[in-house]
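Keep in mind that what you see is a predicted model, and the values were worked out from it rather than measured. Residue numbering restarts at 1 for every chain, and letters A, B, ... go by the order of the sequence lines. Note that these values count all heavy atoms, side chains included, but never hydrogens, waters or copies made by symmetry.
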Amino acid sequence: MAAPVSRGFFERDALEVARDLLGKRLTRMTGGNLTAGRIVEVEAYRAHDDPANHAHRGQTRRNASMFGPPGHAYVYSIHARFCFNVVTEPTGVPSAVLIRAVEPSDGQSLMHARRRTDDPLNLARGPARLCEAFEIDRTLDGHDLVGSDQLWIDTELPATDPGEIVAARRIGVSSAKDLPLRFFYADNPYVSHRRKR
DNA sequence: CTACCGATTGACT
DNA sequence: GTCAATCGGTAGA
(Lines give C-alpha, C1' and ligand atoms only; values in the text may rest on other atoms or scores of the structure.)
Protein backbone atom coordinates (compact mmCIF):
# COMPACT_ATOMS: atom_id res chain seq x y z
CA MET A 1 0.00 0.00 0.00
CA ALA A 2 1.43 3.31 -1.04
CA ALA A 3 1.82 5.95 1.68
CA PRO A 4 1.34 9.66 0.94
CA VAL A 5 4.40 11.84 1.41
CA SER A 6 4.21 14.06 4.52
CA ARG A 7 4.86 17.77 5.10
CA GLY A 8 8.32 17.17 6.49
CA PHE A 9 9.46 15.62 3.22
CA PHE A 10 8.92 18.94 1.43
CA GLU A 11 10.27 21.18 4.21
CA ARG A 12 13.89 20.57 3.24
CA ASP A 13 16.53 21.85 0.84
CA ALA A 14 15.16 21.93 -2.70
CA LEU A 15 18.02 19.80 -4.03
CA GLU A 16 17.36 17.04 -1.54
CA VAL A 17 13.64 17.12 -2.25
CA ALA A 18 14.32 17.04 -5.99
CA ARG A 19 16.49 13.93 -5.82
CA ASP A 20 14.11 12.20 -3.40
CA LEU A 21 11.07 12.93 -5.59
CA LEU A 22 12.52 10.68 -8.28
CA GLY A 23 10.77 7.34 -8.05
CA LYS A 24 7.81 8.73 -6.08
CA ARG A 25 4.35 8.47 -7.56
CA LEU A 26 2.42 11.52 -8.73
CA THR A 27 -1.27 10.80 -8.24
CA ARG A 28 -4.29 12.65 -9.59
CA MET A 29 -7.96 11.94 -8.91
CA THR A 30 -10.60 13.66 -11.03
CA GLY A 31 -14.25 12.66 -10.93
CA GLY A 32 -13.44 9.18 -9.63
CA ASN A 33 -10.80 8.61 -12.30
CA LEU A 34 -7.20 7.88 -11.33
CA THR A 35 -4.15 8.97 -13.29
CA ALA A 36 -0.71 8.31 -11.81
CA GLY A 37 2.89 7.64 -12.66
CA ARG A 38 6.45 7.47 -11.45
CA ILE A 39 8.36 10.76 -11.36
CA VAL A 40 11.46 10.32 -13.55
CA GLU A 41 12.73 13.88 -14.16
CA VAL A 42 12.78 17.03 -11.96
CA GLU A 43 14.49 20.41 -11.68
CA ALA A 44 15.32 22.31 -8.49
CA TYR A 45 14.87 26.09 -8.25
CA ARG A 46 16.83 27.37 -5.27
CA ALA A 47 15.80 30.24 -3.03
CA HIS A 48 19.23 31.85 -3.15
CA ASP A 49 21.81 32.48 -5.88
CA ASP A 50 19.49 31.23 -8.60
CA PRO A 51 18.54 33.92 -11.15
CA ALA A 52 16.49 31.35 -13.07
CA ASN A 53 14.05 31.12 -10.14
CA HIS A 54 10.82 33.05 -10.77
CA ALA A 55 11.13 34.39 -7.23
CA HIS A 56 14.65 35.71 -7.75
CA ARG A 57 13.43 39.32 -7.93
CA GLY A 58 10.95 39.02 -5.10
CA GLN A 59 7.32 38.12 -4.66
CA THR A 60 4.71 38.82 -7.33
CA ARG A 61 1.16 37.68 -7.93
CA ARG A 62 2.35 34.81 -10.10
CA ASN A 63 4.98 33.32 -7.79
CA ALA A 64 3.16 33.86 -4.47
CA SER A 65 2.74 30.10 -3.93
CA MET A 66 6.50 29.66 -3.74
CA PHE A 67 6.55 31.92 -0.68
CA GLY A 68 3.86 29.86 1.01
CA PRO A 69 4.10 26.62 3.00
CA PRO A 70 6.03 23.60 1.69
CA GLY A 71 4.11 20.75 0.12
CA HIS A 72 1.80 23.04 -1.84
CA ALA A 73 1.63 23.27 -5.63
CA TYR A 74 3.10 26.13 -7.65
CA VAL A 75 1.41 26.08 -11.04
CA TYR A 76 2.26 28.80 -13.55
CA SER A 77 1.53 29.35 -17.19
CA ILE A 78 4.12 29.90 -19.88
CA HIS A 79 3.83 29.89 -23.68
CA ALA A 80 0.10 29.27 -23.26
CA ARG A 81 0.74 26.09 -21.26
CA PHE A 82 1.07 25.03 -17.61
CA CYS A 83 3.94 23.76 -15.50
CA PHE A 84 3.67 22.06 -12.12
CA ASN A 85 6.06 22.53 -9.18
CA VAL A 86 6.17 21.36 -5.60
CA VAL A 87 7.02 24.08 -3.06
CA THR A 88 9.96 23.23 -0.79
CA GLU A 89 11.71 24.60 2.32
CA PRO A 90 10.02 26.40 5.24
CA THR A 91 7.30 29.02 4.66
CA GLY A 92 8.75 32.26 3.29
CA VAL A 93 11.74 30.60 1.59
CA PRO A 94 10.83 30.71 -2.11
CA SER A 95 12.06 27.48 -3.64
CA ALA A 96 10.41 24.71 -5.61
CA VAL A 97 10.95 21.57 -7.65
CA LEU A 98 9.60 21.45 -11.20
CA ILE A 99 8.20 18.07 -12.18
CA ARG A 100 9.40 17.57 -15.76
CA ALA A 101 8.46 14.00 -16.66
CA VAL A 102 6.42 11.07 -15.38
CA GLU A 103 6.29 7.44 -16.44
CA PRO A 104 2.55 6.66 -16.53
CA SER A 105 1.37 3.75 -14.39
CA ASP A 106 -2.39 4.29 -14.10
CA GLY A 107 -5.08 5.88 -16.24
CA GLN A 108 -3.16 5.88 -19.50
CA SER A 109 -6.34 5.81 -21.56
CA LEU A 110 -7.54 8.99 -19.89
CA MET A 111 -4.13 10.55 -20.48
CA HIS A 112 -4.37 9.56 -24.13
CA ALA A 113 -7.72 11.33 -24.40
CA ARG A 114 -6.45 14.48 -22.67
CA ARG A 115 -3.25 14.61 -24.72
CA ARG A 116 -4.78 13.51 -28.01
CA THR A 117 -1.85 11.29 -28.84
CA ASP A 118 -1.34 7.55 -29.28
CA ASP A 119 2.32 7.63 -28.35
CA PRO A 120 2.76 6.16 -24.85
CA LEU A 121 6.16 7.80 -24.51
CA ASN A 122 4.73 11.26 -25.10
CA LEU A 123 1.90 11.22 -22.55
CA ALA A 124 3.78 12.95 -19.73
CA ARG A 125 7.27 13.68 -21.08
CA GLY A 126 7.89 17.40 -20.55
CA PRO A 127 6.43 19.72 -17.90
CA ALA A 128 3.53 21.06 -19.96
CA ARG A 129 2.65 17.69 -21.49
CA LEU A 130 2.58 16.26 -17.99
CA CYS A 131 0.13 18.91 -16.86
CA GLU A 132 -2.13 18.16 -19.80
CA ALA A 133 -2.05 14.41 -19.12
CA PHE A 134 -2.82 14.93 -15.43
CA GLU A 135 -5.31 17.78 -15.96
CA ILE A 136 -3.28 20.18 -13.86
CA ASP A 137 -4.02 23.86 -14.46
CA ARG A 138 -4.06 27.22 -12.73
CA THR A 139 -6.92 26.25 -10.42
CA LEU A 140 -4.45 23.96 -8.61
CA ASP A 141 -1.93 26.74 -7.94
CA GLY A 142 -1.49 26.82 -4.17
CA HIS A 143 -3.22 23.46 -3.70
CA ASP A 144 -2.03 21.57 -0.61
CA LEU A 145 -0.61 18.23 -1.75
CA VAL A 146 -0.50 16.89 1.83
CA GLY A 147 -3.82 15.32 2.76
CA SER A 148 -5.34 16.05 -0.64
CA ASP A 149 -7.75 13.67 -2.35
CA GLN A 150 -7.23 15.40 -5.73
CA LEU A 151 -3.48 15.69 -6.25
CA TRP A 152 -0.74 14.20 -4.11
CA ILE A 153 2.56 12.31 -4.09
CA ASP A 154 3.11 8.89 -2.57
CA THR A 155 5.78 6.25 -2.39
CA GLU A 156 6.19 4.17 -5.51
CA LEU A 157 4.88 0.65 -5.55
CA PRO A 158 7.47 -2.11 -5.94
CA ALA A 159 8.74 -1.90 -9.50
CA THR A 160 11.72 -2.59 -11.64
CA ASP A 161 15.01 -0.97 -10.70
CA PRO A 162 14.74 2.60 -12.00
CA GLY A 163 18.49 2.75 -12.53
CA GLU A 164 21.09 5.44 -12.07
CA ILE A 165 20.24 9.06 -11.15
CA VAL A 166 22.25 11.72 -12.97
CA ALA A 167 22.42 15.54 -12.70
CA ALA A 168 22.61 17.93 -15.64
CA ARG A 169 21.85 21.49 -16.70
CA ARG A 170 18.26 22.65 -16.56
CA ILE A 171 16.23 22.92 -19.76
CA GLY A 172 15.09 26.18 -21.32
CA VAL A 173 16.49 28.61 -18.73
CA SER A 174 18.29 31.71 -19.98
CA SER A 175 20.30 32.37 -16.81
CA ALA A 176 22.25 30.12 -14.46
CA LYS A 177 22.43 27.75 -17.41
CA ASP A 178 25.25 25.64 -16.08
CA LEU A 179 23.98 24.79 -12.62
CA PRO A 180 23.45 21.00 -12.42
CA LEU A 181 19.97 21.20 -10.90
CA ARG A 182 18.12 18.83 -13.20
CA PHE A 183 17.88 15.26 -11.95
CA PHE A 184 16.63 12.23 -13.88
CA TYR A 185 17.06 8.52 -14.43
CA ALA A 186 19.82 8.09 -17.00
CA ASP A 187 18.21 5.29 -18.97
CA ASN A 188 14.50 6.03 -18.64
CA PRO A 189 12.77 6.57 -22.00
CA TYR A 190 10.12 8.82 -20.45
CA VAL A 191 12.69 11.52 -19.62
CA SER A 192 12.63 14.62 -21.87
CA HIS A 193 15.62 15.98 -23.80
CA ARG A 194 17.62 12.78 -23.57
CA ARG A 195 20.98 12.56 -25.25
CA LYS A 196 21.66 9.70 -27.58
CA ARG A 197 23.67 6.84 -26.25
C1' DC B 1 -2.34 51.36 -21.66
C1' DT B 2 1.65 49.08 -24.71
C1' DA B 3 5.76 46.20 -25.40
C1' DC B 4 8.52 42.58 -24.43
C1' DC B 5 9.47 37.78 -23.49
C1' DG B 6 9.62 33.09 -21.32
C1' DA B 7 11.18 26.90 -16.23
C1' DT B 8 7.40 24.97 -23.97
C1' DT B 9 6.00 22.32 -27.64
C1' DG B 10 5.57 20.52 -32.28
C1' DA B 11 6.92 20.84 -36.90
C1' DC B 12 10.56 21.01 -39.76
C1' DT B 13 15.96 20.92 -41.94
C1' DG C 1 19.96 20.90 -34.88
C1' DT C 2 16.33 25.29 -36.07
C1' DC C 3 12.08 28.04 -35.73
C1' DA C 4 7.65 30.15 -34.67
C1' DA C 5 3.00 29.86 -32.48
C1' DT C 6 1.07 31.27 -28.37
C1' DC C 7 -0.65 34.32 -24.25
C1' DG C 8 -0.31 35.73 -19.48
C1' DG C 9 2.96 38.10 -16.45
C1' DT C 10 5.71 41.93 -15.74
C1' DA C 11 7.74 46.46 -16.27
C1' DG C 12 7.52 50.81 -17.90
C1' DA C 13 5.26 55.05 -20.17
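Minimum atom distance to the side chain of A:P127 is reached by B:dT9, of the listed B:dA7, C:dT10, B:dT9.
Residue pairs satisfying the salt bridge (Lys or Arg N to Asp or Glu O under 4.0 Å) criterion with at least one member in residues 81-90 of chain A, sequence neighbours excluded, are absent.
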Under 3.5 Å between N/O atoms: give me all the protein pairs with nucleotides 6-8 of chain C, atom names plus distance.
none

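In summary, A:D13 and A:R19 do not engage in a salt bridge, as defined by a charged side-chain N under 4.0 Å from a carboxylate O.
Counting any heavy atom pair closer than 4.0 Å across all strands shown, A:A128 reaches sugar-phosphate atoms only and no base atom. Using a 4.0 Å heavy-atom distance criterion, A:R115 is classed as a sugar-phosphate-only contact.
Because its NZ or CZ atom is not both nearer than 6.0 Å to the ring centre of A:Y190 and within 45° of the ring axis, A:R38 does not count as a cation-pi partner of that residue.
Distance A:M66 CE to C:dG9 P: 14 Å, rounded to the nearest Å. Whole-Å rounding puts the A:F82 CZ to C:dG9 C1' distance at 13 Å.
Note that the CD atom of A:E164 and the CG atom of A:N188 stand 12.5 Å from one another [nearest 0.5 Å].
Of the side-chain N and O atoms in A:R61, none sit less than 4.0 angstrom from OP1 or OP2 of C:dA11. Within the 4.0 Å cut-off from OP1 or OP2 of C:dG9, not a single side-chain nitrogen or oxygen of A:T60 is found. When the side-chain nitrogen and oxygen atoms of A:R62 are compared with OP1 and OP2 of C:dT10, one or more of them lie within a distance under 4.0 Å. For A:R129 and B:dG10, the shortest distance from a side-chain N or O to OP1 or OP2 is below 4.0 Å.
A:R182 places no side-chain N or O within donor-acceptor distance of the main-chain N or O of A:R170, the cut-off being under 3.5 Å. A donor-acceptor pair under 3.5 Å is formed between the side chain of A:Y185 and the backbone N or O of A:G23.
Ring centroids of A:Y74 and A:Y76 are separated by less than 6.0 Å, placing the two rings close together.
A:L98 and A:F9 end up in different hydrophobic clusters when Ile, Leu, Val, Met, Phe, Trp and Tyr side chains are linked at under 4.5 Å.
With a 3.5 Å limit on both pairing distances and Watson-Crick or G-U wobble geometry required, the stems of 3 or more pairs in DNA chain C span B:1-6 with C:7-12, B:8-12 with C:1-5.
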